[in-house]
Amino acid sequence: MFTLGVKGIKELVSVREAVSRLAKVLAKIELDVEEVEVLEAYGRVLASDVVALVDHPGFDRSAVDGYAVVSSDTYSASMFNPAELEVVEAPAIGPGKARPVSTGEPLPSGADAVVMEEDVKRVGGKILVYKPVAQGSNVSRRGEDFARGEVLVRAGTVLDFRKIPIIYASGHSTVRVFRKLRVGVVTVGSEVVEPGPDTASLGRGRVFNSTAYVVLSYLRRLPFIEARYYGVVPDDLGLLADFAARALALNDVVVTTGGTGPGEGDLVYDLVETRGAWVFRGVAMRPGRPTSASVIDGKPVLHLSGFPLAAWVGLEGVFRPAMVEALGLKGFSNQVVYAKLTRRLPNQAGYTTFVRSTLTGVGGLPLVEPFMLRGSGLLRSLAETNSYIRLEEGSEGFEEGEVVPVYLDWP
């Protein structure tokens, strides 16, 4: 931790400590359980385990197009000495018999293998088998995929295209999911202007709002979150308190952007001091050092920097892992690849640093190019990259040519 002599920030907590503290607060949120159609549950968080109601497949079936046979009839088959079998259409076969089957078709009684169509030659009412098959060859056994009573998807899983089909196949038409987490977003700052027809030209010191839309876009990618925007509140403590109270009354979590700095005009500190209590004030990470969290009116509030990139770091580095821990989310992590660094990347001692990057390369080891322009407000660092590199607080950095882990942006 670092001790700082600026307004409200006495010491910076580590990223790990910030995640842990915020997770404990988020874990107190009570989310009701809803039962919904499986397809409508895409992106939602499963509230209870899904258990298979049936075996899948429900019968022994052919895995290929070909002929169901008794495997021992084929053991001596070869290109020069094919096994000769009689073709029948009966529901059961015995030695010396074969029946045509298609992929997915139930295996006839008495058969224990399927010989592929390309390994036989049809001659009238017989087939010549040129390749032996072992017992069970080209057969999907009953319950081979999953068995009745087996847990297929665990509670806490974020349902996606990989999970939806197996839930249907196991016999379920509905699932129990948690209701969406409601997150309200408030922008703080008299200098912030919303884009529109009346703001074609900005006065000195005014900026179009972008940070709130970093936050809203980030949150709205998550179907289990309902993100609501409450607009811009000027630097007035009374107005800020009113905005916060309205957002807190309607949401589980509130996120503020801006007003988190150490200056006397930054009012988030004053709001928390008069209305709530700090969970942590400042994090040892770059960018995003002012990232903070509090509890106001009994609800968690995440305070992010007014600079876009720093706000993204607060969400990616602190809020998302805290949410994963608090809600017990499964299957909700970034894909990590390893790539060769195109330039040296130093770190500041004691800080966890997040560097936006671009992953390139086709075949072989990919390359990763850090976006090195300075500044926590640079929007191009988000718009023109597809990944990021994380330098932990104990790391001095990476050298050019070093192979490093790269975190891909999730869709």
Check whether more than 12 heavy atoms from other residues, nucleotides or ligands sit under 6.0 Å from atom [atom1] of [X], and answer yes or no.
X      : atom1 : result
Arg122 : CZ    : yes
Lys180 : NZ    : yes
Lys330 : NZ    : yes

Hey, is [X] close enough to [Y] for a salt bridge, meaning N to O under 4.0 Å?
X      : Y      : result
Arg221 : Asp409 : no
Glu400 : Arg343 : no
Glu325 : Lys24  : no

**Item:** Pair listing, ring-ring contact (aromatic ring centres under 6.0 Å, His included) test, anchored in residues 49-80, at least two apart
**Value:** His56-Phe146
Would you say [X]'s side chain and [Y]'s backbone share a donor-acceptor pair under 3.5 angstrom?
X      : Y      : answer
Asp119 : Tyr130 : no
Thr291 : Val283 : no
Asp60  : Arg142 : yes
Asp65  : Thr103 : yes
Lys299 : Val254 : no
Thr157 : Leu159 : no
Glu150 : Ala147 : yes
Ser305 : Pro290 : no
Asp236 : Gly238 : yes

Shortest non-hydrogen contact between [X] and [Y], atoms and distance:
X      : Y      : result
Val406 : Ala339 : CG2-CB, 4.0 Å
Ala293 : Leu22  : CB-CD1, 4.0 Å
Pro370 : Val355 : CB-CG1, 3.9 Å

**Request:** Sequence neighbours left out, what passes side chain to side chain contact (heavy atoms under 4.5 Å, CB included) with Glu30? Give chain and number order.
**Result:** none
**Request:** State which residues pass side chain to side chain contact (heavy atoms under 4.5 Å, CB included) with Val38; sequence neighbours excluded, sorted by chain then number.
**Result:** Ile164, Ile167, Tyr168, Val175
N/O donor to acceptor pairs below 3.5 angstrom from side-chain atoms of residues 45-52, sequence neighbours left out:
unit_1 : atom_1 : unit_2 : atom_2 : d
Asp49  : OD1    : Ala155 : N      : 2.8
Asp49  : OD2    : Arg154 : NH1    : 3.3

Modelled atom types, side-chain donor and acceptor of [X] and [Y], under 3.5 Å:
X      : Y      : value
Ser395 : Asn347 : no
Arg356 : Thr385 : yes
Glu316 : Tyr388 : yes
Tyr229 : Thr187 : yes
Asn386 : Thr358 : no

**Message:** Taking side-chain hydrogen bond (donor to acceptor under 3.5 Å, both in side chains) as the criterion, tell me which of Arg44, Arg176, Arg179 meets it with Glu34.
**Reply:** Arg44
**Request:** Kindly compute the distance separating CG (Asp270) from CG (Leu240), expressed to the nearest 0.5 Å.
**Result:** 9.0 Å
**Message:** Run the side-chain hydrogen bond (donor to acceptor under 3.5 Å, both in side chains) test against Thr174 and tell me which residues pass, sequence neighbours left out.
**Reply:** Glu35
**Asked** Sequence neighbours excluded, which residues qualify as side-chain hydrogen bond (donor to acceptor under 3.5 Å, both in side chains) partners of Arg390?
**Response** Glu392
